[in-house]
Novice: 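Sharing a structure with you now.
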Amino acid sequence: MPSTISDLPRLGDWTSFEELAALQAARLPRTLEAAARSPFYRDPLSGGPPPLDALPITTKRDLRQAYPFGLLGVERSRLATYHESSGTAGQPTASYYTDDDWIDLAERFARKWIPIGPDDMFLVRTPYALMITGHLAHRAARMHGATVVPGDNRSLAMPYSRVIRVLHDLDVTLTWSMPAEALIWAAAARLAGLAPGSDFPALRALYVGGEPVTAARRARISRIWGVPVIEEYGSTETGSLAGECPAGHLHFWSDRAIPEIHRPDGTVVAEGSGQLVVTPLYREAMPLLRYNLEDAVELTYRDCGCGWHLPTIRVLGRAGAGHPVGRARITQNDLETLVFTLPDRLGVLFWRARAAHGELVVEIEVDEAHRAEAVGALTAAIRSVLEVDAVVRALVPGTLVPHATLTVNQDILKPRTLFGPDEDWDKAILYY
């Protein structure tokens, strides 16, 4: 297993899809060997390593049933970190990594066409706790010498007003967040009297992930902030799986994990549309073979101007499932594209929709001056593109994302038990 970055494949180590396949084939036996040390895979691999496509699919249910250490492939003393998925409900889905695993994880995350460097001030605005996302960006940034601002978005100590202050006063150059955060920051900045596109001159790029994002929303975020928005895709169970190239395409890191597509008819193929199945190639603490992430994707092998010779992936996630409205099936991506194709001057950042009982209702936050134009334009776009008559309603800005949430600068106090006569002692014990 790898112990240094130099042991891992690097972009440019292969010059064709054929060479990429050869690299995978050379690594796969060691991956199967590592998996055979795991209680979960011991029996399937007891007769020797079979062809990968002869092995069963590993499911999220398998991971839950193996909780906590049924997939452990090393001595527990070698573990560096333990994590659980953000989507875990009921029985946890555990993941764990060694220090050697972390070298691979961090290097994959750092594969950005606008790279992380020693001069960067890097705001990490995703969860830490049991999820991997904050720790992943933190480790990658430190590996490349950047200064990390750990702005955990689940912490009460980091309200949006503080995020804006940090972005501005610390001359933050790079950020890592969900795409939705970047829009919320824009609203918070404006409420603080700052212009996102001009009052944060140090900012070089916004790294985003954690939710599917359409080209229209990504372009809108980029125009608002005046910097590139660079997409990333992965999971707590696998780490980074794909990243954006300079040509704007999302590429799967096939030198580090083998992708497959589980189609709706039950077959598994090398490319096409369906659920993403992955086999990480550099994983020792918790080897995974043919793990179904259950994310809806489209995977294609085609040449790209970037010259990376990696498959292109389009991630739909749950946003690709959709809901029926009349004869149409409406997806989140469909509606998001239309919302963020509205003219920028209308100022629409936040929206929601509900498809129920054959009716589509869409609500958008928009200033009164632009209300009639925004409602009319979106209604017409939905009818023209999706062939659905929708009810589009205008909401007062601050309805979906309350202004108080964007401006509050609350004190976060440690637990205490002794209070004075005029103090609220209902806040005893708990951190708040």
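The first residue of the sequence shown is numbered 1, and numbering continues consecutively from there.
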Novice: Taking the six-membered ring for Trp and the single ring otherwise, decide whether the centroids of H83 and Y96 are under 6.0 Å apart.
Specialist: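 Here the rings of Y96 and H83 have centres that are no less than 6.0 Å from each other.
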Novice: Looking at F200 versus W225, is the centre-to-centre ring distance below 6.0 Å?
Specialist: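 Ring centres of W225 and F200 closer than 6.0 Å.
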Novice: Just checking R223: does its CZ atom have more than 12 heavy atoms from other residues, nucleotides or ligands closer to it than 6.0 angstrom?
Specialist: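 Enclosed.
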Novice: Establish, from distance only, whether the side-chain atoms of T58 and Y41 form a donor-acceptor pair under 3.5 Å.
Specialist: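 T58 vs Y41: donor-acceptor pair found between side chains.
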Novice: Between the main-chain N or O of S254 and the side-chain N or O of Q24, is there a donor-acceptor pair closer than 3.5 Å?
Specialist: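 Checking the backbone N and O of S254 against the side chain of Q24, a donor-acceptor pair under 3.5 Å is found.
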Novice: Looking at residues at least two apart in the chain, or sitting in another chain, which of them share a side-chain contact (heavy atoms from CB on, under 4.5 Å) with D120?
Specialist: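 side-chain contact (heavy atoms from CB on, under 4.5 Å) list for D120, sorted by chain: I116, A146, T173, L174, R204.
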Novice: Salt bridge or not for D255 and R108, using N-O below 4.0 Å?
Specialist: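 Salt bridge flag = no for R108 with D255.
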Novice: Can a salt bridge be assigned to the pair R290 and E260 using a cut-off of 4.0 Å between side-chain N and carboxylate O?
Specialist: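 Salt bridge flag = yes for E260 with R290.
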Novice: Closer than 4.0 angstrom, basic N to acidic O: yes or no for R218 and E244?
Specialist: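 Looking at E244 together with R218, the answer is yes, because their closest N to O distance falls below 4.0 Å.
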Novice: Let me see the working for R10 and E107 under salt bridge (Lys or Arg N to Asp or Glu O under 4.0 Å), right down to the final yes or no.
Specialist: CA-CA 9 Å; R10 309 297 295 274; E107 200 276 334; 3.2 Å; yes
Novice: Measure the shortest side-chain to side-chain distance between D295 and P212 over non-hydrogen atoms and say whether it is less than 4.5 angstrom.
Specialist: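 Not touching, per the 4.5 Å side-chain cut-off.
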Novice: Do S85 and T93 pair up side chain to side chain, a donor and an acceptor below 3.5 Å, judged on atom types alone?
Specialist: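 No, no side-chain donor-acceptor pair sits under 3.5 Å.
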Novice: Other residues, nucleotides and ligands only: do more than 12 of their heavy atoms fall within 6.0 Å of CD on Q65?
Specialist: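 Enclosed.
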Novice: Looking at the rings of Y233 and F252, which for Trp means the six-membered one, are their centres under 6.0 Å apart?
Specialist: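 Ring-ring flag for Y233/F252: false, centres at least 6.0 Å apart.
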Novice: Any donor and acceptor pair, going by atom type alone, linking the side chain of R27 with main-chain N or O of L281 inside 3.5 Å?
Specialist: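 Judged by distance alone, yes, a pair lies under 3.5 Å.
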Novice: Could you tell me the separation between the OG1 atom of T59 and the OH atom of Y291, rounded to the nearest 0.5 Å?
Specialist: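 It is 8.0 Å, given to the nearest 0.5 Å.
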Novice: Could you tell me whether the side chain of D99 reaches within less than 4.5 Å of the side chain of D101, counting heavy atoms only?
Specialist: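 No; the side chains remain at least 4.5 Å from each other.
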Novice: Can R139 be said to sit on top of F109's aromatic six-ring, NZ or CZ under 6.0 Å from centre and within 45° of the ring axis?
Specialist: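 Here R139 fails the 6.0 Å and 45° test against F109.
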Novice: Given D334 and T331, is the side chain to side chain donor-acceptor pair (under 3.5 Å) satisfied, shown in steps?
Specialist: CA-CA 5 Å; D334 293 334; T331 71; 3.0 Å; yes
Novice: For R354, is there an ion pair with E363 - N to carboxylate O distance below 4.0 angstrom?
Specialist: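 Result for this pair is no, no salt bridge flagged.
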Novice: Using the rule side-chain hydrogen bond (donor to acceptor under 3.5 Å, both in side chains), only one of E294, E237, Q91 pairs with K60; which is it?
Specialist: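 Answer after filtering E294, E237, Q91: E237.
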Novice: In plain terms, say whether E284 and R37 are close enough for a salt bridge, that is, a side-chain N and a carboxylate O under 4.0 Å apart.
Specialist: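 Looking at R37 together with E284, the answer is no, because their closest N to O distance does not fall below 4.0 Å.
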Novice: For R416 and L418, indicate whether the former's side chain and the latter's backbone hold a donor-acceptor pair under 3.5 Å.
Specialist: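 Side chain of R416 to backbone of L418: a pair is present.
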Novice: Distance-only, no hydrogens or angles: does the E365 side chain make a donor-acceptor pair with backbone N or O of V401 under 3.5 Å?
Specialist: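 Checking the backbone N and O of V401 against the side chain of E365, a donor-acceptor pair under 3.5 Å is found.
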Novice: Is it true that R154 and D152 have a side-chain N and a carboxylate O under 4.0 angstrom from each other?
Specialist: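 Salt bridge: no.
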Novice: Is the NZ or CZ atom of R162 positioned over Y160's six-membered ring, under 6.0 angstrom from the centre and within 45° of the axis?
Specialist: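 The answer is no, since R162 fails at least one limit relative to Y160.
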Novice: Check whether any side-chain N or O of W14 sits under 3.5 Å from a backbone N or O of H309 as a donor-acceptor pair, and report yes or no.
Specialist: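 Yes; judged by distance alone, with no hydrogens or angles, the pair exists.
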Novice: In terms of side-chain heavy atoms, does Y82 have a donor or acceptor partner in E84 at a distance below 3.5 Å?
Specialist: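 There is such a pair (donor and acceptor under 3.5 Å, judged by atom type) between the side chains of Y82 and E84.
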Novice: For a side chain to side chain donor-acceptor pair (under 3.5 Å) check, start with the C-alpha distance between D265 and T267, then their side-chain angles and the critical distance, and finish with the verdict.
Specialist: CA-CA 6 Å; D265 63 7; T267 59; 2.6 Å; yes
Novice: Do the two ring centres, one from W113 and one from W308, sit under 6.0 Å apart?
Specialist: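 W113 vs W308: aromatic centres not under 6.0 Å.
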Novice: Report yes or no: does R256 contribute a side-chain atom to a donor-acceptor pair with the main-chain N or O of P9 at less than 3.5 Å?
Specialist: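 The answer is yes, because a donor-acceptor pair under 3.5 Å joins these two groups.
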Novice: Taking only Lys NZ, Arg NE, NH1 and NH2, and the carboxylate oxygens of Asp or Glu, determine whether E232 and K112 approach each other closer than 4.0 Å.
Specialist: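 Yes, this pair counts.
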Novice: Under 3.5 Å, side chain of T399 to main-chain N/O of L395, donor-acceptor pair present?
Specialist: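 No, the answer is negative, given that no donor and acceptor are paired below the 3.5 Å cut-off.
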Novice: Checking the side chain of R329 only, and the main-chain atoms of G322 only, is there a donor and an acceptor separated by less than 3.5 Å?
Specialist: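 Present.
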Novice: Answer with yes or no whether the side chains of W185 and T175 bring together a donor and an acceptor at under 3.5 Å.
Specialist: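 Side chains of T175 and W185: no pair found under 3.5 Å.
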Novice: Tell me if a side-chain donor or acceptor on E271 pairs with a main-chain N or O of I261 at a distance below 3.5 Å.
Specialist: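 A pair under 3.5 Å: no.
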